[in-house]
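What follows is one structure encoded as structure tokens, with my remarks underneath.
These values consider heavy atoms only, across backbone and side chains, with no hydrogens, waters or symmetry-generated copies.
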Amino acid sequence: MKAVIIGAGEVGYHIAKALSLTNDVIVIEKDEDALKRADGLDVQVVEGNGANADVLANVLPDADILVAVTGVDEVNIVACMTAKLIIRARPGWRESKTIARVSNPDYIDMPVTSRAQVGVDLMICPELALASEVAEVLASPSAIDAEMFAEGKVQMMEFAIRPENRLVGKQMQDLKLADCCIVSAVFRDNEIIIPHGNDIIKGNDHMVVIGKPQAMETLGSVFGGEVAHRNRILVIGCGIVGFYLCKILDRDENSDLKIIENRKSRCIEVAEVLEKALVLNGDGTDVGLLREENIEEMDVVVAVTDSDEKNLLCSLLAKQLGAKKVIARSDRSDYVPLFEMVGIDMAVSPREATVNEVLKLTMGRGIETLATLEGEKAEIIEYTTSRESKIVGKALNKVKFPKGAIITMVVRNDDIIVPRGDFVVREGDRVIIFALSSTVQLVEKFFR
């Protein structure tokens with residue numbers, strides 16, 4: 001497959017890195033530093049404006065996909081529109097799928113949508129996707145990550161096991177999960193484990209649980225962290241991500257929401273839109289303000305300013321002052337493990353939504369949802385089986401599935417099934433798989 005990527009910033013670089021392993025990739029970028037970084041990958045680098053028709057005409061022949069992920073919405077949209085016009089004006093040229101990264105709420109009102117009428121097959125808003133992800137996590141006090149699959153019929157949650165948790169030292173089988181829930185993986189130090197019933201639970205383990213959303217609601221009592229009162233949330237920073245998040249939380253009857261924003265004009269704008277939130281004009285690093293607002297009583301503090309460094313400082317201050325859980329935004333993906341290393345409960349990056357959507361389009365037929373975990377070391381993939389899928393019609397214990405991958409859940413019509421060895425996959429089943437990134441290509445072969 002041939003992919004053209006416009007923009008080699010944080011998002012573009014990681015898309016190029018992921019695709020370059022098995023595809024021909026061309027990267028178009030103007031910035032000299034970004035070009036040098038991209039040049040370290042196994043890709044062709046072109047210096048220039050990705051929205052320029054002449055530049056595009058030179059790289060589009062035989063391209064399967066064009067991804068525009070610069071930091072300017074209009075450039076991304078124009079690049080996709082121009083690409084479509086160029087291809088349609090040249091009979092015999094392959095029709096390329098176009099994807100544009102867009103942040104302005106005037107252009108998009110959901111994480112992923114289509115604007116095919118203007119030449120954009122897929123429009124992605126990383127900020128809105130990030131806000132939706134954080135909102136899902138906040139719905140469960142003890143979860144540090146969450147993702148929906150099969151149109152909301154299946155949910156994934158990641159839980160951190162504190163050293164003082166009553167589960168430490170017990171076996172996996174002692175968890176007593178509902179029949180429609182399964183622990184699909186354990187992250188322990190730098191190791192990823194697909195667990196068995198007699199494996200011992202250790203302090204600081206991160207457990208990935210997949211199951212029916214109704215059953216997942218009760219997992220707070222299993223992993224601890226339930227709150228008997230309304231969820232008290234403080235959001236620091238009300239830019240695009242913060243505002244999207246606060247709009248979602250403002251509708252939640254079980255949340256008490258406070259917002260700290262350092263721009264007075266922005267505070268006025270936000271207060272006029274949000275009915276129940278308390279909007280404060282101030283600095284999230286102001287210890288006096290944090291104490292005055294009873295930071296120690298907060299169930300969750302979310303730092304989503306436009307500065308990674310400020311988010312880190314706000315989160316560390318909140319944690320030091322007694323907040324129960326802290327979540328920090330990090331636009332630089334290499335900061336994410338560092339944030340969690342110094343005590344941040346969850347670090348989130350807007351780029352993952354864009355990377356995942358691009359990978360879904362390039363990995364082959366049948367992929368509905370894709371979530372990357374643990375710094376892209378593992379993935380949860382949802383496939384819809386077809387008549388040609390090699391896994392159809394066979395009992396799972398007869399399928400030589402790669403080591404490092406496991407089928408965790410199957411959705412058949414409205415039934416949610418945790419498959420056993422004698423389970424037979426049918427055409428049209430939605431199969432949800434946990435897989436180490438190194439095994440994904442082997443897994444794909446069973447669904448072609």
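What you find for Leu56 and Ala79 is that their closest heavy atoms are CD1-O, 3.7 Å. Summarising the geometry of Thr408 relative to Ser184, their closest heavy-atom pair is CG2-CB, 3.3 Å, with the distance given to 0.1 Å. Considering every non-hydrogen atom in both Val440 and Tyr383, the closest pair reads O-OH, 4.5 Å.
No side-chain donor-acceptor contact under 3.5 Å links Asp429 to the backbone of Val431. Between the side chain of Asp189 and the backbone N or O of Glu191, no donor-acceptor pair lies under 3.5 Å. The backbone N or O of Asp283 lies less than 3.5 Å from no partner atom in the side chain of Asn262, so there is not a single donor-acceptor pair. In terms of modelled atom types and a separation under 3.5 Å, the side chain of Asp42 and the main chain of Ser20 share no donor-acceptor contact.
Lys403 has its side chain out of reach of Ile194: every pair of non-hydrogen atoms, C-beta onward, lies at least 4.5 Å apart. Side-chain contact check for Val102 versus Cys125: every heavy-atom pair is 4.5 Å or farther apart. Side-chain atoms of Val43 and Ile5, non-hydrogen and from C-beta on, never get closer than 4.5 Å to each other. Contact check for Val25 versus Ile15: no side-chain heavy atoms found under the 4.5 Å cut-off. No side-chain heavy atom of Met409 sits less than 4.5 Å from a side-chain heavy atom of Arg430. For the pair Glu261 and Val270, the minimum side-chain heavy-atom distance is 4.5 Å or more. No side-chain heavy atom of Glu427 sits less than 4.5 Å from a side-chain heavy atom of Ser389. Counting heavy atoms from C-beta on, the side chains of Glu127 and Leu130 never come closer than 4.5 Å.
Heavy atoms from other residues, nucleotides or ligands lying under 6.0 Å from NZ of Lys153 number more than 12. The environment of CG in Asn104 is crowded: more than 12 heavy-atom neighbours from other residues, nucleotides or ligands sit within 6.0 Å. For Asn52, the CG atom sits in a packed shell: over 12 heavy atoms of surrounding residues, nucleotides or ligands are nearer than 6.0 Å. Enclosure of atom CZ in Arg426 is not indicated, since only 12 or fewer non-hydrogen atoms of other residues, nucleotides or ligands lie within 6.0 angstrom.
Looking at Asp64 and Lys2, no side-chain N of the basic residue comes within less than 4.0 Å of a carboxylate O on the acidic one, giving no salt bridge. At a threshold of 4.0 Å, the pair Asp345-Arg162 counts as salt-bridged, since one of the basic side-chain nitrogens sits closer than that to a carboxylate oxygen. Classification of Asp109 and Lys247 as a salt-bridged pair fails, no side-chain N sitting under 4.0 Å from a carboxylate O. A salt bridge does not link Glu309 to Arg332: none of the charged nitrogens lies less than 4.0 Å from a carboxylate oxygen.
Remark: Phe149 pairs with no residue by the ring pair (Phe, Tyr, Trp, His ring centres under 6.0 Å) rule, at least two apart or across chains.
Between the side chains of Asn231 and Ser255, no donor-acceptor pair of N or O atoms lies under 3.5 Å.
Atom CE of residue Met1 and atom CD1 of residue Ile65 lie 5.5 Å apart, to the nearest 0.5 angstrom.
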